[in-house]
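Scroll down for the structure; my scribbles are underneath it.
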Amino acid sequence: MKNQTKGTLTVLAASLLLAAASSASALEIQSGSDKVQLQLYGAINRAVMYADDGNQEKFFHVDNTNSETLIGLTGEVAATQCLNVGGNLEYVWQSNPSNAVSMDEESIAGEFDAQLVELYLEGQLGKVSLGKGEMASDVSSEHDLSGTDIVGNVGFGDVGGGLSFFDAAAKAYSEDFTVESVTNGGISSEGLGKANRVRYDTPSFGGFTLSGAIGEDEIGDVALEYAGEFNGNQLEAEVAWSNADEGWSQINGSVSVLFSTGLNLTVAASTIDVSDMPANGDDPTFFYGKLGYTFAQPIGSTSISIDYGVFENAAAFDIGQEASGYGLQFVQELADWNTQLYAGCRTLSLEDDTKADYEDVTLVMAGVRLSF
């Protein structure tokens, strides 16, 4: 009860501070401080998730971890004609995260978690960021122009990640293998994520941007990103190298293209070198592909897609362990409401070199996201 009360007070206090900051900004701008630009933003994303692990089935009321409920504040000052000084604050609030609920725990209290707490300097020579934020390799495997990434993407563990695989031969749940651990768990397939760091991004040269970051606990990474348009077709791509203090290094990336016809294709892959680690295991790898189509509609675009992913040795470098999954996604934009309606389903399978007979896990999720 004390934790719930404390969490509620934290949210209320943060909301009041953000509202006060926004009001103060408006007063300053009206009084002549027109160099200060503040923007309050956020999103609420709620869904109903159905899970069937071959032994039990259950409905969950979740916050969609593919795109969490959050609130944020950005501020920027034009310090000179060629230099901007700014900062970002972003906090995520999830009640029943879709990646954490399980058959044994369907109600998880939300936590007010800081995702961004950073300052930056941006000018003609690039951008320097200081504080908690994205490492250079973060989201490098997540470039996705399908319009359906809110309900299904390379992050397989974001939906149903807390569910354990049921071994039909032993008639028991696995103590080691969950949806999260055999796909995006163990060592992250998404690079180094967010951390307290110093990051530098070069200016864009012909659509290319080079980034590098050094973070706490002696982690570091570099990434090369491209974004451009040609003949009405859009292309995004990124490749990243990262190194962690645990003794592993990783190369991962993604490519996504959206053709002018509405057809789109996304591919992502990763390999992690664990040769310098004490544990004797195989290098974790994954491959992901998605094919989709987006229709232009008066009320907002309609997007559909199918995807497939295969993850090897993701769970603590388990030799011979392979998880795979395929899914179907649908998203309807409601442009005038700044809202998305979505639904998706996915089936995941697990095999290893033991005599275990793991049942497939089937997941269905439908929900609504309002952005503001």
Side-chain angles (χ1 to χ4, degrees), residues 43-69 94-108 110 142 144 146-168 173-174 177-185 264 266 286 288-295 300-311 323-334 339-351 358-370:
I44 299 174
N45 193 349
R46 299 299 301 177
V48 175
M49 184 180 81
Y50 165 81
D52 181 356
D53 62 16
N55 182 57
Q56 299 182 67
E57 51 186 307
K58 185 176 289 188
F59 283 92
F60 302 86
H61 298 274
V62 297
D63 192 289
N64 182 354
T65 304
N66 285 310
S67 178
E68 308 100 324
T69 293
Q94 285 189 282
S95 176
N96 293 348
S98 62
N99 68 322
V101 293
S102 66
M103 292 300 183
D104 295 328
E105 192 171 15
E106 59 183 290
S107 181
I108 300 175
E142 296 182 357
D144 189 333
S146 67
T148 62
D149 56 323
I150 185 178
V151 64
N153 56 49
V154 67
F156 273 35
D158 287 345
V159 179
L163 297 171
S164 297
F165 281 88
F166 183 76
D167 183 354
Y173 284 98
S174 169
F177 296 150
T178 64
V179 171
E180 171 73 21
S181 70
V182 302
T183 55
N184 304 117
N264 54 80
T266 299
F286 84 81
Y288 174 79
K290 177 189 280 190
L291 179 65
Y293 196 89
T294 297
F295 306 83
S301 62
T302 302
S303 300
I304 57 173
S305 62
I306 55 174
D307 67 357
Y308 173 78
V310 57
F311 304 79
S324 60
Y326 58 90
L328 173 67
Q329 299 85 33
F330 166 84
V331 176
Q332 177 62 59
E333 294 272 0
L334 301 177
T339 296
Q340 293 171 302
L341 308 178
Y342 59 84
C345 60
R346 181 171 280 157
T347 297
L348 299 105
S349 302
L350 175 64
E351 297 181 357
Y358 296 110
E359 297 284 352
D360 290 350
V361 174
T362 299
L363 298 160
V364 181
M365 186 172 69
V368 183
R369 179 175 70 174
L370 168 65

Rounded to the nearest 0.5 angstrom, the OG-OH distance for Ser301 and Tyr293 is 12.0 Å
In this structure, NZ of Lys58 is separated from CE of Met103 (nearest 0.5 Å) by 6.5 Å
* Counting N and O atoms only, with roles assigned by atom type, does the side chain of Asn64 sit under 3.5 Å from a partner on the main chain of Ile150, one being a donor and the other an acceptor? -> yes
For Asp63, the salt bridge (Lys or Arg N to Asp or Glu O under 4.0 Å) test, sequence neighbours excluded, returns Arg46
Between Val154 and Glu142, the two heavy atoms sitting closest are CG1-CG, 3.9 Å
Scanning both residues in full, the closest heavy-atom pair of Phe166 with Asp53 reads CB-O, 3.8 Å
Between the CG atom in Leu328 and the OG atom in Ser305, the distance rounded to the nearest 0.5 Å is 7.0 Å
dist Asp104:CG -> Tyr173:OH (nearest 0.5 Å) comes out at 7.5 Å
Exercise. Under 3.5 Å, is there a donor-acceptor pair between the side chain of Asn96 and the main chain of His61?
Worked result: yes
- request: Compute the ring centroids of Tyr342 and Phe330, then answer whether they are less than 6.0 Å apart.
  value: no
The salt bridge (Lys or Arg N to Asp or Glu O under 4.0 Å) partners of Asp149 (sequence neighbours excluded) come to none
With a 6.0 Å cut-off on the ring centroids, do Tyr308 and Tyr326 count as close?
no
| Mind checking whether Phe165 and Phe177 have ring centres under 6.0 Å apart? | no
Separation between CD (Gln332) and CZ (Phe295), nearest 0.5 Å, reads 10.5 Å
Check your understanding: Is it the case that more than 12 heavy atoms not belonging to Gln56 sit under 6.0 Å from its CD atom?
Key -> yes
